[in-house]
Amino acid sequence: MDHETQTEQQPADRQDDHRRRKAIYLLPNLITTGALFAGFFAIVMAVQDNFVPAAIAVFVAMLLDGMDGRVARMTGTESEFGIQYDSLSDVISFGIAPALIVYLWSLQGMGDRWGMLGAFVFAAAAAIRLARFNVQVETVDKGYFVGLASPAAAAVLMGMVWFFEAHGIPFEAQQGWVWVITITTGLLMVSSFPYFSGKRLSPRLRVSFLSLPIAIIVFVLLLKDFALTLWVLASAYALSAPLWTLSRGLRRRIKRLVS
């Protein structure tokens with residue numbers, strides 16, 4: 001093949017790639033639509049004071065959100081439209097829906113605008129987090145998220161609502177604590193803390209023998225109290241990056257004092 005033929009093929013390949021990225025593919029975008037519907041369904045359930053189905057619907061949206069990108073990569077149907085559509089779906093399912101659910105569940109009982117402010121901070125933080133992710137996606141380390149991912153932040157709030165509602169514990173009356181948890185989770189989304197993304201995990205990854213009994217304990221807890229386990233795991237993940245950063249800073253100070 002001569003140089004002239006190669007030159008003709010290269011622009012053609014680039015045009016094909018450009019058209020592929022602009023195309024609208026059915027399967028991954030259908031899954032994204034399912035996640036969007038789950039977020040919409042969660043809002044409808046919350047308005048009707050059905051908070052357990054509302055929280056579960058957000059978790060369903062998380063499952064679908066984790067599938068659409070993987071399906072697109074596996075089938076070679078990634079597109080710019082799909083990326084933007086996924087982000088808009090995430091704003092609703094993991095920003096607006098959890099904020100509204102928590103507000104209707106508890107924060108509106110504060111009797112003033114503080115409850116609305118707390119819910120809005122979470123919703124706005126989710127939108128900012130997703131916009132920042134889209135801008136930085138090509139430049140940041142794939143192994144870490146900058147700030148708490150919006151699905152994980154939503155899991156903290158929805159796990160809380162699901163657990164206390166399922167067990168009939170009137171934690172929604174503790175508006176102060178709910179407000180603090182909502183605000184803190186929102187601020188973690190727009191923070192610069194590095195959160196492990198899990199994208200570099202491999203089936204051949206070697207782990208310690210302690211990991212197996214821990215996995216068994218988590219599995220047993222999931223069977224015993226699914227809502228509590230999800231809430232604890234989501235909260236532990238949300239606190240992992242700040243605690244790791246704090247411990248790292250303390251170790252550095254101790255080394256400086258010793259040396």
Side-chain angles (χ1 to χ4, degrees), residues 17-44 46 54-55 57-103 119-158 182-183 185-200 234 237-238 241:
D17 182 67
H18 181 67
R19 283 195 295 266
R20 185 180 66 82
R21 290 188 61 79
K22 291 182 67 177
I24 300 175
Y25 294 98
L26 178 62
L27 184 56
N29 291 303
L30 191 62
I31 297 173
T32 303
T33 302
L36 178 60
F37 174 77
F40 174 77
F41 180 81
I43 293 173
V44 173
V58 174
F59 279 103
V60 171
M62 293 177 200
L63 291 176
L64 295 173
D65 180 67
M67 290 172 56
D68 56 6
R70 288 180 173 84
V71 169
R73 287 188 292 271
M74 289 172 59
T75 58
T77 54
E78 296 171 283
S79 66
E80 189 64 32
F81 173 85
I83 294 172
Q84 300 305 323
Y85 185 34
D86 181 70
S87 294
L88 292 173
S89 173
D90 288 354
V91 170
I92 295 173
S93 298
F94 309 132
I96 301 298
L100 181 62
I101 292 168
V102 169
Y103 176 76
F120 175 73
V121 166
F122 182 90
I128 295 170
R129 166 72 178 79
L130 289 161
R132 185 178 66 178
F133 175 80
N134 287 345
V135 172
Q136 298 178 343
V137 66
E138 300 296 336
T139 58
V140 297
D141 186 350
K142 301 295 183 182
Y144 293 90
F145 294 126
V146 179
L148 181 63
S150 57
V156 174
L157 298 190
M158 295 302 94
T182 303
I183 289 285
T185 309
L187 294 178
L188 286 174
M189 279 193 283
V190 294
S191 70
S192 57
F193 291 121
Y195 282 89
F196 181 66
S197 68
K199 293 182 178 180
R200 292 182 176 176
Y237 178 73

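Residue indices begin at 1 and follow the sequence shown.
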Q: Please report the shortest heavy-atom distance between A125 and G186, naming the atom on each side.
A: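 That closest heavy-atom pairing would be CB-O, 3.1 Å.
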Q: Sequence neighbours excluded, which residues qualify as side-chain contact (heavy atoms from CB on, under 4.5 Å) partners of P151?
A: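 P151: side-chain contact (heavy atoms from CB on, under 4.5 Å) contacts with M62, D65, F94, A149.
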Q: Kindly give the heavy-atom pair with the smallest separation between N134 and S87, and that separation in Å.
A: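 Minimum heavy-atom separation between N134 and S87: ND2-OG, 2.9 Å.
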Q: Do other residues, nucleotides or ligands put more than 12 heavy atoms under 6.0 Å from Y85 OH?
A: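 Counting other residues, nucleotides and ligands, OH of Y85 exceeds 12 neighbours.
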Q: Tell me the closest heavy-atom pair linking A57 and A42, and the distance in Å.
A: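 Shortest heavy-atom separation between A57 and A42 comes out as CB-CB, 3.8 Å.
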Q: Kindly write out the residues that satisfy side-chain contact (heavy atoms from CB on, under 4.5 Å) with A153, not counting sequence neighbours, or none if the list is empty.
A: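 With sequence neighbours excluded, A153 shows a side-chain contact (heavy atoms from CB on, under 4.5 Å) to F122, L148, T185, M189, given in chain and number order.
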Q: Atom CD1 in I96, atom CZ in F120: separation rounded to 0.5 Å?
A: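 Going from the CD1 atom of I96 to the CZ atom of F120 covers 8.5 Å.
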Q: Do I92 and L88 make a side-chain contact, defined as non-hydrogen atoms from C-beta onward lying under 4.5 Å apart?
A: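 Not in contact.
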Q: So which heavy atom on A238 is nearest to which on Y195, and how close?
A: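 Looking at all heavy atoms of both residues, the closest pair is O-OH, 2.5 Å.
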Q: Do the side chains of M158 and V102 get nearer than 4.5 Å, heavy atoms only?
A: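 Contact flag for V102/M158 side chains = yes.
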Q: Determine yes or no for a side-chain-to-main-chain donor-acceptor pair under 3.5 angstrom, with S93 supplying the side chain and A35 the backbone.
A: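 Yes; judged by distance alone, with no hydrogens or angles, the pair exists.
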Q: Please find the pair of heavy atoms, one from A152 and one from A234, that lie closest to each other, and give the distance.
A: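 So the two residues come closest at O-CB, 4.3 Å.
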Q: For side-chain contact (heavy atoms from CB on, under 4.5 Å), just list the numbers for T182 and L157, CA-CA rounded to whole Å, side-chain angles, deciding distance to a tenth of an Å, and then say yes or no.
A: CA-CA 7 Å; T182 303; L157 298 190; 4.0 Å; yes
Q: Which distance, rounded to the nearest 0.5 Å, do you find between the CG of L187 and the CZ of R129?
A: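 Answer for the CG-CZ pair, L187 versus R129, is 14.0 Å.
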Q: Does atom CZ of F40 have more than 12 heavy-atom neighbours, drawn from other residues, nucleotides or ligands, at distances under 6.0 Å?
A: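 Atom CZ in F40 is not packed in, count stays at 12 or less.
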Q: What heavy-atom pair brings F196 and Y237 nearest, and what distance separates the two atoms?
A: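 Residues F196 and Y237, closest heavy atoms: O-OH, 2.8 Å.
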Q: Hey, could you give me the CD1/CG distance between I31 and L63, rounded to the nearest 0.5 Å?
A: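 I31 CD1 to L63 CG: 11.5 Å, rounded to 0.5 Å.
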Q: Quick check for you: to the nearest 0.5 Å, what is the distance between I83 atom CD1 and F133 atom CZ?
A: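 It is 9.0 Å, given to the nearest 0.5 Å.
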Q: To the closest 0.5 Å, what do you measure between OG (S89) and CG (D68)?
A: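 Between S89 OG and D68 CG, I get 7.5 Å after rounding to 0.5 Å.
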Q: Let me see the working for D90 and S150 under side-chain hydrogen bond (donor to acceptor under 3.5 Å, both in side chains), right down to the final yes or no.
A: CA-CA 8 Å; D90 288 354; S150 57; 5.0 Å; no
Q: Calculate, to the nearest 0.5 Å, the distance between atoms CZ and CG belonging to F81 and D86 respectively.
A: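 One finds 11.0 Å between CZ of F81 and CG of D86.
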